[in-house]
Amino acid sequence: MLHTHTIDRIESRTLKRSFPRSIPRNAKGGHHGQHAQIQVRLVYTNQGAMGWGLSSGPEHETQALVGRRVSELIDPASGVVQEARALDIPLHDLAGRILGQPVWRMLGAAGPRSLPIYAGGIYFDDLEPLESPRGIDALLAACEQDAASGHAHFKLKIGRGFKVMDRTAGDRRDAEVTRAVRKRFPSAKLLVDANDGYDPEGFCRYLDEVLECGLYWVEESFPESAAGLKRLRDKLTAESPATLIADGEARLGPTQVPPGPYGKWPRDQLDGLLNLARDRLLDVLLMDVTAMGFTAWRTIMPELRAAGVAGSPHAWSEPLKTLYAAQLAGGLGNVPIIEGVPGAVEGVDASGYLLQAGMLTLPELPGFGLELAD
Ligand SMILES: [Mg+2]
């Protein structure tokens with residue numbers, strides 16, 4: 001069916017994305033603000049079909065695809081060809097719509113349709129505003145705001161002592177925040193993400209302070225190294241064996257330029273992560289859903305399974321990326337929980353997705369199931 005559709009027009013649009021509140025700093029610093037412009041592309045065919053989604057990359061590269069058959073650019077069984085990767089997301093949406101299938105089903109429906117999700121926008125809210133910080137109550141209020149929208153699990157940014165605060169005071173505050181959120185939400189899955197803002201010894205001291213919190217996962221505790229991760233694994237095995245080690249969001253080495261089969265990830269960096277996973281030093285890999293790519297995730301998920309490691313595509317800072325990650329999770333399986341980016345995009349109807357009690361349920365709608373206003 002895809003071969004009867006020829007691309008006759010590709011339109012770029014910018015849309016306004018808003019978080020429910022201004023999102024402050026993490027360990028690396030820099031405020032995230034509340035509003036941003038995002039770029040999407042709409043791909044139309046000569047049969048009147050249209051698929052759309054987040055899309056970056058140079059305009060002349062995408063326009064060069066006008067006139068091509070859809071079947072030359074995407075195989076529903078494997079994904080988008082290299083030359084059309086700038087349209088990775090829009091072409092998955094388009095193929096799903098033409099075939100009358102949700103993307104998660106096109107990918108194999110190997111995961112559940114309802115997926116555990118965490119609120120990923122709890123940053124250093126306690127340290128805002130800079131001139132008179134509101135303290136931990138402000139951070140708890142951010143958690144409550146996300147809970148009111150259907151979240152039940154939280155990822156806390158830590159690493160205040162890396163550069164935003166003095167080391168000792170920052171480390172102490174990280175532990176206080178973790179314990180305060182645990183006290184307020186006794187049954188939540190609690191994740192922490194240090195954005196590599198600790199060293200292995202310092203992170204193990206933080207763990208000593210929050211042992212009773214029963215962390216669900218620890219993310220980017222320090223720049224990943226076999227020796228550091230071995231130290232962390234030994235500690236968790238002894239004291240908190242259920243806690244997962246997640247990493248692989250940040251690339252420690254160079255970026256792939258121009259983007260290749262794994263987007264911005266050079267293959268050797270992925271091999272390094274897979275080797276750490278085979279040595280049981282990592283439990284979850286976090287490559288970004290668009291910066292590595294939707295098709296790349298389809299390609300590499302079997303390798304993750306073979307290495308005995310789960311995946312959870314990084315979705316910050318876009319609510320749409322959460323929905324793409326959820327479609328991958330429902331389609332490919334092997335994703336224990338997805339990253340929830342709170343917020344909305346103007347003109348996008350995402351009401352087919354249901355967020356309730358810490359679970360996100362995928363729509364039974366063609367493509368990504370997202371409608372775009374004219
Ligand atoms: Mg992270």
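No experiment lies behind these values; they were computed from the predicted model shown. First listed ligand is number 1; within each ligand, the first listed atom is number 1.
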| request: Apply the test side chain to side chain donor-acceptor pair (under 3.5 Å) to residues His92 and Gln327: give CA-CA distance (whole Å), side-chain angles for both, the deciding distance (0.1 Å), then the verdict. | output: CA-CA 11 Å; His92 274 90; Gln327 293 274 348; over 6 Å; no

| request: Indicate the ring-plane relationship of Phe185 and Phe154, choosing parallel, tilted or perpendicular according to the 30° and 60° boundaries. | output: tilted

Of all the N, O or S atoms in [X], which has the shortest distance to the Mg ion (ligand 1)?
| X | answer |
| --- | --- |
| Glu219 | OE2 |
| Glu249 | OE1 |
| Asp193 | OD2 |

| task | Determine, for Phe19 and Arg17, whether the Lys NZ or Arg CZ falls below 6.0 Å from the six-membered ring centre while staying within 45 degrees of the axis. | result | yes

| query | Is there a donor-acceptor pair closer than 3.5 Å between any side-chain N or O of Glu339 and the backbone N or O of Pro313? | reply | no

